[in-house]
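Everything on this sheet refers to the single structure shown next.
Per chain, numbering begins at 1; letters A, B, ... match sequence-line order.
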There are 2 protein chains.
Amino acid sequence: MPSSEPAHLFAALGDPTRLGLVTRLSDGSERSIVQLGEGLPMSRQAVAKHLDVLHGAGLLHRRKSGREVHYALRRDAIEAARGWLDQVNAQWDGTLARLKAMVEEGDG
Amino acid sequence: MPSSEPAHLFAALGDPTRLGLVTRLSDGSERSIVQLGEGLPMSRQAVAKHLDVLHGAGLLHRRKSGREVHYALRRDAIEAARGWLDQVNAQWDGTLARLKAMVEEGDG
DNA sequence: CTTTCATGCAACTATTTGGTTGCGTTAAAT
DNA sequence: ATTTAACGCAACCAAATAGTTGCATGAAAG
């Protein structure tokens with residue numbers, strides 16, 4: 001049950017290994033656990049755990065195919081995270097705009 | 001010494017309390033530790049630790065004024081995080097564009 | 001059918017994290 | 001000068017995290 005809450009999303013991204021996995025998947029492809037673990041200095045289970053964290057945060061799509069499990073990046077989750085950051089920026093801009101408007105109104 | 005590494009940045013944002021603090025600061029204002037802690041169900045020190053994490057990740061600017069310490073959001077850090085997410089999207093788009101180009105070239 | 005390979009599950013460990021409390025320091029207010 | 005308010009530092013604790021290993025299972029390949 002993916003959560004999609006911003007904090008959950010950012011927490012999942014807050015680890016170099018997981019960020020690397022997301023980067024690897026950023027071409028939109030699907031990969032198996034072993035494929036994603038290739039070259040990483042840790043056990044398969046460690047990689048599986050990381051993928052589970054990413055999946056739990058709603059960042060990955062999971063598909064079983066035979067004896068393999070394939071993960072793919074969920075673009076909407078990335079957009080959700082981006083959206084939160086945009087909102088922070090918007091709030092900032094909005095406040096400054098209102099401030100500017102007030103100053104100008106005061107001037108006129 | 002703020003790090004500004006993406007994983008460090010996301011990790012700092014990966015906690016509801018800290019996300020709330022960032023939201024509070026998203027109007028661009030400066031606030032003291034006690035001010036930022038008002039209404040939060042935890043001790044001042046807990047809040048101070050959270051602010052230190054955010055500052056350590058490069059997300060907050062810190063200014064001492066008399067006996068108070070004021071924190072403000074660093075917009076460039078927010079943009080850095082956003083930039084990383086944008087890059088993931090761009091990679092995705094790029095791959096799809098290349099794929100489409102290949103298909104079209106194959107068709108022509 | 002037997003073997004191999006990708007995975008899941010569970011136990012265990014060390015480190016990090018999010019929180020606490022107590023105390024000391026310094027700046028502001030009375 | 002004394003008190004109060006905002007902070008920093010350090011010790012401590014429980015829970016979560018990132019990793020390990022060993023073993024069981026189910027699908028593919030021989």
Side-chain angles (χ1 to χ4, degrees), chain A residues 1-25 29-72 81, chain B residues 1-25 29-72 81:
Chain A
M1 216 172 279
S3 102
S4 182
E5 274 181 38
H8 201 182
L9 225 44
F10 288 128
L13 293 173
D15 175 277
T17 300
R18 288 197 289 268
L19 225 41
L21 291 170
V22 168
T23 302
R24 277 200 190 187
L25 288 169
S29 70
E30 252 191 8
R31 313 248 172 101
S32 76
I33 298 183
V34 266
Q35 279 179 329
L36 286 166
E38 276 166 13
L40 293 188
M42 64 186 66
S43 69
R44 168 187 61 85
Q45 284 87 342
V47 175
K49 277 194 189 180
H50 280 300
L51 291 168
D52 202 52
V53 170
L54 288 168
H55 179 247
L59 276 156
L60 299 189
H61 174 249
R62 180 188 193 127
R63 189 176 65 88
K64 276 184 75 172
S65 167
R67 67 177 162 185
E68 301 183 344
V69 173
H70 288 184
Y71 287 99
Chain B
M1 216 172 278
S3 101
S4 180
E5 273 182 39
H8 202 180
L9 227 42
F10 288 128
L13 293 173
D15 175 277
T17 300
R18 287 196 291 268
L19 225 41
L21 291 170
V22 168
T23 302
R24 276 201 190 187
L25 289 169
S29 70
E30 252 191 8
R31 313 247 172 103
S32 75
I33 297 183
V34 268
Q35 279 179 329
L36 287 166
E38 276 165 12
L40 293 188
M42 65 187 67
S43 68
R44 169 187 60 85
Q45 285 86 343
V47 176
K49 277 195 189 183
H50 280 300
L51 291 168
D52 202 51
V53 169
L54 289 168
H55 179 248
L59 276 156
L60 298 189
H61 174 250
R62 180 187 192 125
R63 188 177 66 89
K64 277 183 72 170
S65 168
R67 69 178 161 186
E68 301 184 343
V69 173
H70 289 190
Y71 286 99

*Is the His55(A) ring parallel, tilted or perpendicular to the Tyr71(A) ring (thresholds 30°, 60°)?*
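Judged by the thresholds at 30° and 60°, the geometry between His55(A) and Tyr71(A) is perpendicular.
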
[X] [atom1] to [N] [atom2]: how many Å, rounded?
X        : N       : atom1 : atom2 : answer
Arg63(A) : dT7(C)  : CZ    : P     : 12 Å
Lys64(B) : dA28(C) : NZ    : P     : 11 Å
Tyr71(A) : dG8(C)  : OH    : C1'   : 10 Å
Glu38(A) : dT7(C)  : CD    : C1'   : 15 Å
Asp15(A) : dT15(C) : CG    : P     : 17 Å
Asp52(B) : dT17(C) : CG    : P     : 12 Å
Ile33(A) : dC9(C)  : CD1   : P     : 11 Å
Met42(B) : dT17(C) : CE    : P     : 16 Å

Quick check for you: among [options], whose closest atom lies nearest to any side-chain atom of [X]?
X        : options                   : value
His50(B) : dA18(D), dG18(C), dT20(C) : dG18(C)
Glu68(A) : dC7(D), dA6(C), dG19(C)   : dA6(C)
Lys49(A) : dG19(D), dA6(C), dG8(C)   : dG19(D)

*asked:* Can a donor-acceptor pair be found, under 3.5 Å and without considering hydrogens, that links the side chain of Arg18(A) to the backbone of His50(A)?
replied: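 Between the backbone of His50(A) and the side chain of Arg18(A) there is no qualifying donor-acceptor contact (under 3.5 Å).
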
*So, does Ser65(B) use its side chain to make a donor-acceptor pair with the main chain of Glu68(B) at under 3.5 Å?*
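No.
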
_Arg62(B) side-chain N/O to dG8(D) phosphate OP1/OP2 under 4.0 Å_ =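 For dG8(D), OP1/OP2 do have a side-chain N/O of Arg62(B) under 4.0 Å.
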
*Hey, is the side chain of Ser43(B) poking within less than 4.0 Å of OP1 or OP2 on dT20(C), counting only N and O atoms?*
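Answer yes for this pair, as a side-chain N or O of Ser43(B) is under 4.0 Å from OP1 or OP2.
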
Can you give me the N/O atom pairs linking the protein to nucleotides 22-28 of chain D at distances under 3.5 Å, or say none if there are none?
unit_1: dG22(D); atom_1: O6; unit_2: Gln45(A); atom_2: NE2; d: 3.0

*Among Arg62(A), Glu30(A), His61(A), find the one that has a side chain to side chain contact (heavy atoms under 4.5 Å, CB included) with His70(A).*
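Of all the options given, the one that passes is Glu30(A).
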
*How far apart are the closest heavy atoms of Val47(B) and Gly37(B), and which atoms are they?*
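Nearest pair, atom of Val47(B) first, then Gly37(B): CG2-CA, 3.9 Å.
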
_Arg24(B) versus Leu36(B), closest heavy-atom pair with distance_ =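 Scanning both residues completely, I find the closest heavy atoms to be NH1-O, 3.3 Å.
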
*Mind checking the CG-CG spacing from Leu9(A) to Leu59(A)? Nearest 0.5 Å is all I need.*
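Atom-to-atom, Leu9(A):CG and Leu59(A):CG are 4.5 Å apart.
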
